[in-house]
Amino acid sequence: MTLIPELTILQPADKEQIDLPRTSEDELAVGKKRLYIESYGCQMNFADSEIVAAVMRNAGFATTSSAEDADVIFLNTCAIRDNAEQKVRNRLKHLTGLKRQKPELLVGMLGCMAERLKTKLLEEEKVVDIVAGPDAYRDIPKLVEEAESGQKAVNVFLSREETYADISPIRLNSNGVTAFVSIMRGCDNMCSFCVVPFTRGRERSRDPYSIVREAQDLFDRGYREVTLLGQNVDSYKWKGAEGTDQDLQESLPHAPSTTQLTTFANLLEMVALIHPDLRVRFSTSHPKDITDDVLHTMARYDNICNYIHLPAQSGNSRVLKLMNRTYDRTWYIGKIDRIREILGEDCGISTDMISGFCTETEDEHQESLSLMDYVRYDYAYMFAYSERPGTLAAKKYADDIPEDVKKRRLNEIIAKQLSHSSERNQRHIGQVQRVLIEGTSKRSDDFLCGRNDQNKMVVFPKGNHQKGQYVNVLVTECTSATLRGEVV
Ligand code: SAH
Ligand code: SF4
Ligand code: F3S
């Protein structure tokens with residue numbers, strides 16, 4: 001994915017693309033070295049790239065949207081499944097060609113694949129000069145300097161404290177309306193299939209006041225939606241410690257005192273209170289940790305979106321146990337029932353599903369399908385199991401479901417989800433939905449698009465409306481992916 005820079009130089013100002021006022025910084029970019037970043041994987045990686053861009057800007061780099069123009073290229077990588085890593089390896093082949101034409105070009109590998117493979121990456125991929133793990137981004141300018149002097153540079157140290165709380169991210173490829181805000185890093189769960197605890201280290205929460213400040217700043221700059229990010233947002237916790245902003249704390253009447261624990265429900269409320277026109281979303285919730293408190297907070301504030309991503313992974317209790325998810329089918333269904341009770345039938349719910357996990361039988365696969373029938377998800381991210389070296393599952397269980405069986409089961413899951421997505425979208429036909437406009441539709445400049453409360457994309461004729469505005473749209477038709485309608 002190509003990221004659009006904030007400091008594009010020597011380009012005519014294009015009103016559609018540029019959301020922030022271009023100042024003398026643009027001129028300052030002339031003569032600077034240029035950085036190009038490409039991000040892979042989850043939203044957290046995209047958010048991290050914005051932190052890296054900020055660190056590099058402080059070190060005197062401007063960002064560019066063209067790899068060919070860059071002095072330094074970073075790939076912010078993902079290791080979640082084997083194919084995520086293969087994609088990056090293929091990209092490196094292309095960069096090898098680029099470097100042949102421009103030998104002074106530096107190539108850095110950041111993120112989860114960098115953390116997983118460490119110095120092995122330097123041995124395997126000759127084109128790579130720099131390897132930096134997710135907690136080493138403050139060190140990146142030093143690593144670049146080292147690489148400029150001709151040495152390979154590596155920092156894959158994982159931290160128990162680093163949250164980059166004080167770094168104000170540079171928004172890359174931004175629509176100027178919606179933004180990600182990281183609220184925590186790492187993961188302390190040990191789902192047996194998952195590489196994330198190894199690549200991102202221990203879980204730690206970010207100072208809530210730095211989160212509120214970042215969200216407030218986004219709102220002041222015209223943004224109208226923030227998505228609070230963490231691998232398991234429900235285990236967010238903060239107890240007043242160094243770094244807490246006393247003045248801001250005292251100005252927030254609903255905030256817990258510095259001696260009290262700030263939970264995810266408290267944090268949600270603090271962000272929701274910034275302004276009724278600032279929408280708040282969050283991801284990811286863990287079925288074992290999501291509390292009624294969070295659901296009640298969502299119900300209390302109109303601007304906290306009625307949408308929950310609650311990954312099930314499997315519908316069978318034995319498989320869930322092997323996966324070390326620490327809940328079973330009954331517990332998961334209990335959580336879905338609570339969501340429907342407290343937030344109503346309309347609350348959007350999505351999931352992640354894995355097909356063909358170690359020893360999964362045909363009957364157990366059927367239970368994943370029947371769970372989907374029970375919940376009727378609005379959306380799902382669906383994957384065939386991919387064994388990751390070093391994980392508990394790789395050590396303990398044989399990856400014994402043949403690829404063609406995994407694929408066939410995955411296709412059955414996908415087919416089911418398509419029918420549920422259409423069914424759930426059809427519910428909206430005839431309803432008026434509040435939509436935050438994110439920009440013009442990809443298909444046609446005469447149409448705008450934005451999301452409704454439940455995170456569904458809604459497309460409608462442009463009229464005199466602009467991105468960043470809220471409009472009420474009467475939904476008249478839908479596909480399994482989008483709603484269509486007109487502003488009323
Ligand atoms: N923290 C989130 C998930 C992050 S990873 C959670 O707990 O839900 C995103 C998704 O990738 C996971 O939910 C899972 O469905 C999928 N995934 C993770 N490891 C995988 C693997 N080894 N093979 C296939 N899918 C995997
Ligand atoms: Fe991985 Fe589980 Fe942590 Fe999610 S909760 S990141 S699936 S270990
Ligand atoms: Fe991938 Fe790392 Fe995210 S493995 S999914 S980029 S946390």
Side-chain angles (χ1 to χ4, degrees), residues 1 38-49 52 75-88 109-117 133-135 158 180 182-204 229-236 282-290 308-315 319-320 322-327 332 335 349-358 360 368 377 379-395 397 399 401 403 406-407 409-410 413 417:
M1 181 170 169
E38 208 166 85
S39 309
Y40 297 80
C42 65
Q43 296 164 334
M44 299 221 57
N45 248 17
F46 284 77
D48 278 1
S49 291
V52 171
L75 303 186
N76 195 357
T77 60
C78 173
I80 201 80
R81 284 168 290 276
D82 184 59
N83 57 11
E85 294 198 0
Q86 289 318 319
K87 221 198 258 171
V88 170
M109 291 279 278
L110 319 181
C112 293
M113 185 177 170
E115 186 65 47
R116 189 178 88 73
L117 292 165
D135 289 342
L158 286 174
F180 297 130
S182 286
I183 63 163
M184 56 206 294
R185 302 182 70 81
C187 183
D188 278 354
N189 295 315
M190 274 285 174
C191 301
S192 62
F193 52 80
C194 184
V195 77
V196 172
F198 303 95
T199 61
R200 293 202 158 244
R202 299 303 298 270
E203 180 185 293
R204 64 222 99 118
L229 293 181
Q231 292 298 352
N232 178 4
V233 290
D234 304 289
S235 67
Y236 177 90
F282 55 90
S283 187
T284 300
S285 299
H286 196 296
K288 84 172 153 64
D289 293 319
I290 190 166
I308 300 177
H309 182 55
L310 195 70
Q313 315 295 1
S314 165
V319 173
L320 285 169
L322 290 186
M323 288 177 162
N324 202 23
R325 287 291 286 182
T326 69
Y327 54 85
Y332 187 87
K335 289 293 176 187
I349 304 181
S350 58
T351 189
D352 293 346
M353 282 292 188
I354 297 178
S355 76
F357 186 65
C358 314
E360 182 190 66
S368 288
Y377 292 108
Y379 193 80
Y381 300 85
M382 300 156 285
F383 314 101
Y385 172 59
S386 162
E387 186 179 77
R388 308 310 292 128
T391 55
L392 287 181
K395 287 183 190 150
Y397 314 120
D399 179 14
I401 308 299
E403 283 309 310
K406 285 183 189 170
K407 282 264 156 58
R409 290 182 189 169
L410 179 62
I413 289 173
Q417 185 51 44

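Indexing begins at 1, ligand by ligand and atom by atom, following the structure's order. We count residues from 1, following the sequence as given.
The backbone N or O of P134 lies less than 3.5 Å from a partner atom in the side chain of R185, making a donor-acceptor pair. Put simply, the side chain of N324 gets close to the backbone of M190: a donor and an acceptor are under 3.5 Å apart. Side-chain atoms of S283 never come within 3.5 Å of backbone atoms of L229 as a donor-acceptor pair (strictly under, hydrogens ignored). Counting only distance, with no hydrogens or angles, the side chain of T77 and the backbone of L110 share a donor-acceptor pair below 3.5 Å.
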Check against side-chain contact (heavy atoms from CB on, under 4.5 Å), F357 and Q313: CA-CA 10 Å; F357 186 65; Q313 315 295 1; over 6 Å; no
Test side-chain contact (heavy atoms from CB on, under 4.5 Å) applied to C194 and I80, step by step: CA-CA 7 Å; C194 184; I80 201 80; 4.2 Å; yes
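At a 4.0 Å cut-off, not a single heavy atom of M113 sits close enough to ligand 3 to count as contact. Residue contact check for ligand 2: R325 places a non-hydrogen atom closer than 4.0 Å to it.
D135 has no carboxylate O lying under 4.0 Å from a charged side-chain N of R202, or vice versa, which leaves the two without a salt bridge.
Listed by atom number, the atoms of ligand 3 under 4.0 Å from Q231 heavy atoms are 7 (S).
Inter-residue side-chain proximity for C78 and K87 is flagged as unmet; no heavy-atom pair is nearer than 4.5 Å. Side chains of Q231 and P197 form no contact here, defined as non-hydrogen atoms less than 4.5 Å apart.
Contact record, E360 with I401: O-CD1, 3.3 Å, taken as the closest heavy-atom pair. Heavy atoms only, all atoms of each residue included: V195 and A79 are closest at CG1-O, 3.5 Å.
Here salt bridge (charged side-chain N to carboxylate O under 4.0 Å, His left out) pairs that include residues 381-392, with residues two or more places apart or in two chains, are E85-R388.
Taking the six-membered ring for Trp and thresholds of 30 and 60 degrees, Y332 and Y327 have ring planes inclined between 30 and 60 degrees apart.
Near-neighbour remark for atom 3 (Fe) of ligand 3: protein N, O or S atoms under 2.8 Å are C42 SG; waters not counted.
In this model, a donor atom of one side chain and an acceptor atom of the other lie less than 3.5 Å apart for E203 and S235. Inspection of the N232 and D289 side chains reveals an N or O donor paired with an N or O acceptor under 3.5 Å.
For atom 3 (Fe) of ligand 2, the tally of protein N/O/S atoms lying closer than 2.8 Å stands at 1.
Nearest non-hydrogen protein atom to atom 4 (S) of ligand 3 is A79 N, 3.3 Å.
At a heavy-atom cutoff of 4.0 Å, ligand 1 is surrounded by I80, R81, F193, Q231, T284, P311, Q313, R325, D352, I354, F383, A384, Y385, S386, R388.
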